[in-house]
2 protein chains.
Amino acid sequence: MKTVVKKSRKQQIEEKATTLFQSRGYAATSMRNLAQDLGIEAASLYSHIKSKEEILQRICFRMAEEFYSAWQEVDEETGGNAAKMEKAMIAHVKVITKDTNASAVFFNEWRHLSEPFLSEFLAMRDDYEGRFKKILKDGMASGEFKLVDDKFMMLTILSSLNWTHNWYKPDGSLSPEEVGKRLSGLLLNGLKNN
Amino acid sequence: MKTVVKKSRKQQIEEKATTLFQSRGYAATSMRNLAQDLGIEAASLYSHIKSKEEILQRICFRMAEEFYSAWQEVDEETGGNAAKMEKAMIAHVKVITKDTNASAVFFNEWRHLSEPFLSEFLAMRDDYEGRFKKILKDGMASGEFKLVDDKFMMLTILSSLNWTHNWYKPDGSLSPEEVGKRLSGLLLNGLKNN
DNA sequence: ATCTCTTGCTAACGAACGTTAGTATGTTTA
DNA sequence: TAAACATACTAACGTTCGTTAGCAAGAGAT
């Protein structure tokens, strides 16, 4: 037996918008495009939302929250920094794979946020990236990691992780957990045989 | 003594457009924005270009050519596949760092190309990615590389390389060559100490 | 001296944009 | 049964969009 949860119209709008923003981009998606996909008139959207940008804001900040929540299990890790980094990478990938469309919008369309949302968004991103850098620094200090530029390293790691939204298919053979493990395995141990 | 090469107006337009497309996105950049940055009227642009999209096409396909040309030195590498992969990564990063703005447009705005340019673009990208996959496959067959999914691996490598356009600063301390070396070192050998 | 090329202008086109006002209808709540 | 809410409509607003037509002025080439 399958219970069908009724989605609010606002939610439906947000989901369709997410798909459209992902495929055509925020700026190139018109409210009339969105309305048509929902089978209503453009003006009708405004019974449910305040503005086009509100939709973008909701998508971006909801995803930000998800990334933050996922970090909880990272802090619980008491093993070494390599283990902690693996946890972080897996948690991060899990969030992305749970909604690749929303992730794409999060990663590519945030620049269309207006102030003060843009500044708030960037501050959160900085903070989040700082957490990765901290693991790297701790791991280098303890001798677990090679000595590298931590910012350079963090950017490289996150770019690999963040790209998953472009190719991950939920119906594929790899689970989110498995994707995260492979990515962390690669970045921690490298491609070459020793 | 410095020789000043006079740039054609068309080139100037293309360069300003590259900067704008990079920072605001193609769809969110208007011809009036572009004209204003050049100190002329929007209509005047059309004495030099055929359409807004023509600019995007020129940027995207010029970058594609650059990536292809850079591959020449990769084919000359006769060492192992690890050496070849390093060459490929360095060559790729060199192209990106030579013009980070155009690279950003190339990576983020190609989807606004209309047919048949879009199909042509994607075919080239597939071909180019195939070259990376081939090195990976050869390297796995020869035992140089660990056995991994080659597509997954290729995507991970390229996402790391392609992200450089977002943070590389030509006036920074790292040369393009150095960036490429560090990236390949990391991806080939991993972050962890053995 | 004439021709061509480059560069730019004003004026305007039709289309599309995000959004608002005002209204109607059915559904849920009190 | 009345009030409140959810949902959607038509009509239209002012703005911006990419682009074209037609014209003009200066530079370089023949």
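Atoms considered below: every heavy atom in the structure, side chains included; atoms not considered: hydrogens, waters and symmetry mates. We name chains A, B, ... by the order of the sequence lines, and we start the count at 1 in each one.
With rounding to whole Å, A:Y26 atom OH is found 13 Å from C:dC17 atom P. One atom, CG of A:L45, and another, P of D:dT10, lie 14 Å apart when rounded to the nearest Å. The distance from atom NZ of A:K10 to atom P of D:dC5 is 16 Å, rounded to the nearest whole Å. Rounded to whole Å, atom P of C:dC9 lies 11 Å from atom CG of B:L38. One atom, CG of B:N33, and another, P of C:dC17, lie 17 Å apart when rounded to the nearest Å. Residue B:I13 contributes atom CD1, which lies 13 Å from atom P of D:dT19 at whole-angstrom precision. Distance A:I49 CD1 to C:dG18 P: 10 Å, rounded to the nearest Å. Atom C1' of nucleotide C:dT6 and atom CD of B:E41 are separated by 18 Å, given to the nearest angstrom.
Checking A:R32 against A:I40, the closest nucleotide of DNA chain D that is more toward the 5' end is the one next to A:I40.
Within the structure, a side-chain polar atom (N or O) of A:H48 is placed less than 4.0 Å from OP1 or OP2 of D:dT7. The phosphate of D:dC9 has OP1 or OP2 within less than 4.0 Å of a side-chain N or O from A:S44. Distances shown here put a side-chain N or O of A:R9 below 4.0 Å from the OP1 or OP2 atom of D:dA8.
In this pair, B:F152 and A:W167 present their aromatic rings perpendicular. The plane angle is above 60°, beyond the 30 to 60° band.
The two residues B:L45 and B:M31 have their closest heavy-atom pair at CD1-O, 3.4 Å.
In the set C:dT7, D:dG18, D:dA8, the nucleotide with an atom closest to the side chain of B:M31 is D:dG18. Closest to the side chain of B:A43, from the set C:dA21, C:dA11, D:dT7, is C:dA11. Considering only the side chain of A:Y46, C:dT19 comes nearest among D:dT19, C:dT19, D:dA8.
For the pair B:K151 and B:F132, the cation-pi criterion (under 6.0 Å, within 45° of the ring axis) is not fulfilled. B:F21 does not carry B:K16 over the face of its six-membered ring by the limits of under 6.0 Å from the centre and within 45° of the normal.
Looking only at distances, a side-chain donor or acceptor of A:N108 sits under 3.5 Å from a matching main-chain atom of A:A104.
Side-chain atoms of A:S30 and base atoms of C:dA16 include no donor and acceptor less than 3.5 Å apart.
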